[in-house]
Q: 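Take this structure, written in structure tokens, and hold onto it; I'll ask about it next.
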There are 2 protein chains.
Amino acid sequence: MAKGTIRLADVAKAAGVSQGTASNVFSRPDVVREEVREHVLETAKRLGYAGPSLTGRLLRAGKVNAIGVAAVEPLAYFFDDPWARALLAAVSQVCDASGTGLALVSAKDRQKLDWNIKSALVDGFILLCVEGGEKLVQLTRERQLPFVALALNDDDPSIASISVDNLGGAAIAARHLAELGHRRFGVLATELSDDHVGPVGIAEIERAIYSTSRDRALGYWQALEAFGIRREDVPIYETINDKPSVEAGLELLFSVPEPPTAILAMSDNIALLAINWLRARGLSVPQDVSVIGFDGVPEGGMVEPGLTTMAQPFAEIARRAVKAVLEDAVPTEREMIEVTLVVRGSTAPPR
Amino acid sequence: MAKGTIRLADVAKAAGVSQGTASNVFSRPDVVREEVREHVLETAKRLGYAGPSLTGRLLRAGKVNAIGVAAVEPLAYFFDDPWARALLAAVSQVCDASGTGLALVSAKDRQKLDWNIKSALVDGFILLCVEGGEKLVQLTRERQLPFVALALNDDDPSIASISVDNLGGAAIAARHLAELGHRRFGVLATELSDDHVGPVGIAEIERAIYSTSRDRALGYWQALEAFGIRREDVPIYETINDKPSVEAGLELLFSVPEPPTAILAMSDNIALLAINWLRARGLSVPQDVSVIGFDGVPEGGMVEPGLTTMAQPFAEIARRAVKAVLEDAVPTEREMIEVTLVVRGSTAPPR
DNA sequence: GCGTAGGATTGAACCGATTCAAGAAAGCAA
DNA sequence: TTGCTTTCTTGAATCGGTTCAATCCTACGC
């Protein structure tokens with residue numbers, strides 16, 4: 001690095017033109033006479049000028065041309081969790097197309113998250129509200145930048161958000177299995193409330209704090225009741241979306257005389273873990289047990305058998321979210337997006 | 001958004017203090033009398049001041065407090081490729097700890113990449129040079145920011161880089177299998193040169209443009225020759241690290257009368273694909289065929305059987321890279337890091 | 001030869017903060 | 001009361017560009 005970094009003003013002086021002209025050479029080359037332009041560029045190169053500093057420029061312009069994606073999770077979450085990954089890949093794609101930068105901001109501990117959000121150089125945020133959504137929304141609000149919440153577990157209508165139709169999607173999933181002839185189900189739920197794992201009853205579902213999980217449960221019930229299956233007869237086990245809790249749940253669900261012939265998993269992650277457990281247990285999927293997931297992550301299509309699931313239109317979600325943030329045209333109402341049933345090899349009629 | 005956004009100056013005026021004092025209230029609260037401080041904060045809140053604007057602040061400070069990770073790939077690469085993911089997760093961790101932001105910059109097409117690199121608001125770059133490394137290095141150089149290249153396929157000593165000991169690691173991998181008693185090997189290589197897939201001979205290896213792949217091949221050879229296995233007798237198939245090319249390679253390797261009893265895969269990704277193919281083909285791993293990977297991505301530990309591999313110390317690599325970039329203390333020489341053999345279930349003595 | 005249209009260039013204001021030398025007020029000792 | 005600290009606060013300079021109104025040329029028409 002040259003010691004005293006070269007500024008635009010230095011180049012201008014060395015080239016014998018005004019700073020205004022020098023600036024034009026870089027940001028509006030068409031307006032300056034070719035002769036002069038070449039001379040200035042020449043001088044710049046000779047001096048080793050690195051081009052207009054972004055900070056100076058953006059101070060003037062006020063736009064960073066980047067958006068931040070935030071979550072109340074360690075940063076590694078973005079690369080580990082299949083859902084987050086699928087979503088980010090989609091967001092990336094959209095950003096790529098529009099030449100927008102992407103910054104990852106997150107932290108598990110509140111203080112750091114606060115600071116990270118405050119200091120992220122972005123024009124707006126996409127919030128991944130899987131957990132601790134309100135905290136995130138609140139922090140982001142203070143920043144006074146446009147933002148849109150994804151997968152928000154909160155019914156506050158003043159928060160711009162895009163979510164999928166959890167209730168409707170879950171209903172379709174359950175109906176799919178019921179129509180195949182299944183009558184004995186087991187549900188593996190994503191988080192309903194903080195710090196709880198284990199079997200849950202109807203009352204717990206109804207007062208769940210995470211609406212995503214709650215709505216999916218309600219959707220399952222709704223569809224199954226149309227087939228004469230009472231909600232009391234559908235065991236639900238709350239997991240925290242990880243291997244140990246999912247396996248504990250399966251252990252319980254399959255410890256009864258008449259175990260389920262179909263598993264309703266509230267996430268593909270859970271579904272994939274379930275399939276592994278079932279096979280290790282000597283049960284074949286889908287012959288012995290059918291499994292349906294929720295989310296539609298790419299991994300679901302790459303295993304054998306393929307995972308039947310309710311697919312979120314990640315590309316569409318990403319497109320809308322990025323657009324909303326960039327144009328500061330956050331939806332005034334909560335937007336709802338449909339999920340679609342993708343049938344692969346993990347579901348079939350019961351034996 | 002309030003129309004005329006509120007500036008620090010506005011708050012200062014409204015509170016009846018100088019701008020300097022107002023600034024201190026936010027950035028050095030201890031220096032201003034409590035009474036005044038509270039009054040200013042109060043006024044700020046009343047006016048809806050969002051806190052010191054970052055752009056103004058950073059213009060002054062010159063530091064963005066963020067680093068960029070760049071690759072010549074579509075942005076989604078960061079979330080799809082296991083190696084990139086593992087590395088980024090590690091980088092995330094380090095950044096998290098030091099309160100540094102993380103920006104992803106990339107593009108497959110050169111023009112966009114150029115622009116993205118030029119306009120990324122970061123203090124420095126970590127370059128993922130899996131492919132098109134020189135291009136990336138060149139572009140980044142122009143930006144005149146500190147950077148360090150990872151997995152660089154180039155021997156130019158003027159480029160600060162951190163790489164793993166590909167030759168030594170590969171030798172350990174091959175030795176591990178040879179010591180188990182294997183004598184018939186097949187190699188599934190990562191890219192050796194652009195736009196080529198298929199079996200390769202000794203000459204192609206020696207003039208490969210990607211030194212990572214070349215060195216791994218050399219390492220395999222070196223170790224195997226110590227066991228009396230000639231390089232001519234080790235078939236090598238070049239893939240592009242994806243499913244179709246890996247399967248084509250396996251198809252070929254196993255189409256001979258005496259197929260290999262051990263597969264040397266130059267990436268875990270390839271190894272995992274290989275294991276799937278072998279099983280689908282009715283061959284059990286490790287009983288019929290042993291497979292060893294390279295990289296040590298987390299997925300390798302989560303499958304059944306676990307993948308034996310040469311693990312890169314991702315955390316260490318990330319730590320050094322981030323440190324180098326942040327402190328503008330890029331290694332003057334090319335740093336080399338050792339990889340370690342992690343033995344899991346995918347390797348065993350031959351039948 | 002004069003007036004003028006037109007484009008190229010200049011110079012200064014401005015973006016929104018931080019910083020620091022210097023000034024003001026308050027406290028305390030003599 | 002004067003002198004000397006100590007503690008805050010002020011005002012102006014600064015960071016590195018962009019922008020725009022004003023000015024300067026040049027060439028062209030009459």
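Owing to the predicted nature of the structure, the values given are computational and were not obtained by experimental measurement. Heavy-atom basis, side chains included; hydrogens, waters and symmetry copies ignored. Numbers restart at 1 for each chain; the letters A, B, ... are given by sequence-line order, proteins then strands.
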Q: When the distance from NZ of A/Lys13 to C1' of C/dT10 is rounded to whole Å, what number comes out?
A: 16 Å

Q: Tell me if the side-chain of B/Gln19 makes a donor-acceptor pair with the base of C/dG16, cut-off 3.5 Å, by modelled atom types.
A: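 Side chain to base: no pair present.
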
Q: Ignoring backbone atoms, test whether A/Tyr49 places a side-chain nitrogen or oxygen under 4.0 Å from the OP1 or OP2 oxygen of D/dG17.
A: yes

Q: Measure from NZ on A/Lys118 to C1' on C/dA17 and round the result to the nearest Å.
A: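 Spelled out: NZ on A/Lys118 to C1' on C/dA17 is 17 Å.
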
Q: Within this structure, what is the NE2-to-P distance between B/His39 and D/dT9, rounded to whole angstrom?
A: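 Distance check: B/His39 NE2 to D/dT9 P gives 12 Å.
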
Q: Tell me: CG of B/Leu54 to P of C/dG16, nearest whole Å?
A: 13 Å

Q: Can you see which heavy atom on B/Asn153 is nearest to which on B/Val130, and at what distance?
A: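 Minimum heavy-atom separation between B/Asn153 and B/Val130: ND2-O, 3.3 Å.
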
Q: For A/Phe26 and D/dG16, give me the distance from atom CZ to atom P, rounded to whole Å.
A: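 Atom CZ in A/Phe26 sits about 15 Å away from atom P in D/dG16.
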
Q: Is a salt bridge present between B/Arg7 and B/Asp10, judged by a nitrogen-to-oxygen distance below 4.0 Å?
A: yes

Q: To check you understand the geometry: which heavy-atom pair defines the closest contact between A/Phe79 and B/Phe78, and what is its length?
A: CD2-O, 3.8 Å

Q: Just the rounded figure in Å: distance from P of C/dT9 to CZ of A/Arg37.
A: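 After rounding, the gap between these two atoms is 10 Å.
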
Q: Measure from the side chain of B/Asn24, starting at C-beta and using heavy atoms only, and say which of D/dT10, C/dT9, C/dT10 lies closest.
A: D/dT10

Q: Please state whether the phosphate of C/dG16, meaning OP1 or OP2, lies under 4.0 angstrom from any side-chain nitrogen or oxygen of B/Arg7.
A: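 Affirmative; the distance criterion is met.
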
Q: Looking at B/Arg57, does any N or O in its side chain come under 4.0 Å of the phosphate oxygens OP1/OP2 on C/dT18?
A: yes

Q: Any side-chain N or O of B/Thr21 less than 4.0 Å from the OP1 or OP2 oxygen of D/dT10?
A: yes

Q: Name the nucleic acid region contacted by A/Ser23, choosing base, sugar-phosphate or nothing; use a 4.0 angstrom heavy-atom cut-off, strictly under.
A: base

Q: Identify the heavy atoms of A/Tyr49 and B/Gln144 that sit nearest to each other, and give their distance.
A: C-OE1, 3.9 Å

Q: Using a 4.0 Å heavy-atom cut-off, does B/Ser53 contact any base of the nucleic acid, only the sugar-phosphate backbone, or nothing at all?
A: sugar-phosphate

Q: Check B/Arg320 with B/Glu316, please: is the shortest side-chain N to carboxylate O separation under 4.0 Å?
A: yes

Q: Rounded to whole Å, please give me the gap between CZ in B/Arg33 and P in C/dA24.
A: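 Rounded to the whole Å, the gap is 17 Å.
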
Q: What does B/Ser27 touch in the nucleic acid at a heavy-atom separation under 4.0 angstrom: a base, only the sugar-phosphate, or nothing?
A: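 It contacts sugar-phosphate atoms only.
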
Q: Calculate the interatomic distance between B/Ile6 atom CD1 and C/dA17 atom C1'; express it in whole Å.
A: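 The answer, rounded to whole Å, is 16 Å.
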
Q: Just N and O in the side chain of A/Arg28: are any of them under 4.0 Å from OP1 or OP2 of D/dT18?
A: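 For D/dT18, neither OP1 nor OP2 has a side-chain N or O of A/Arg28 closer than 4.0 Å.
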
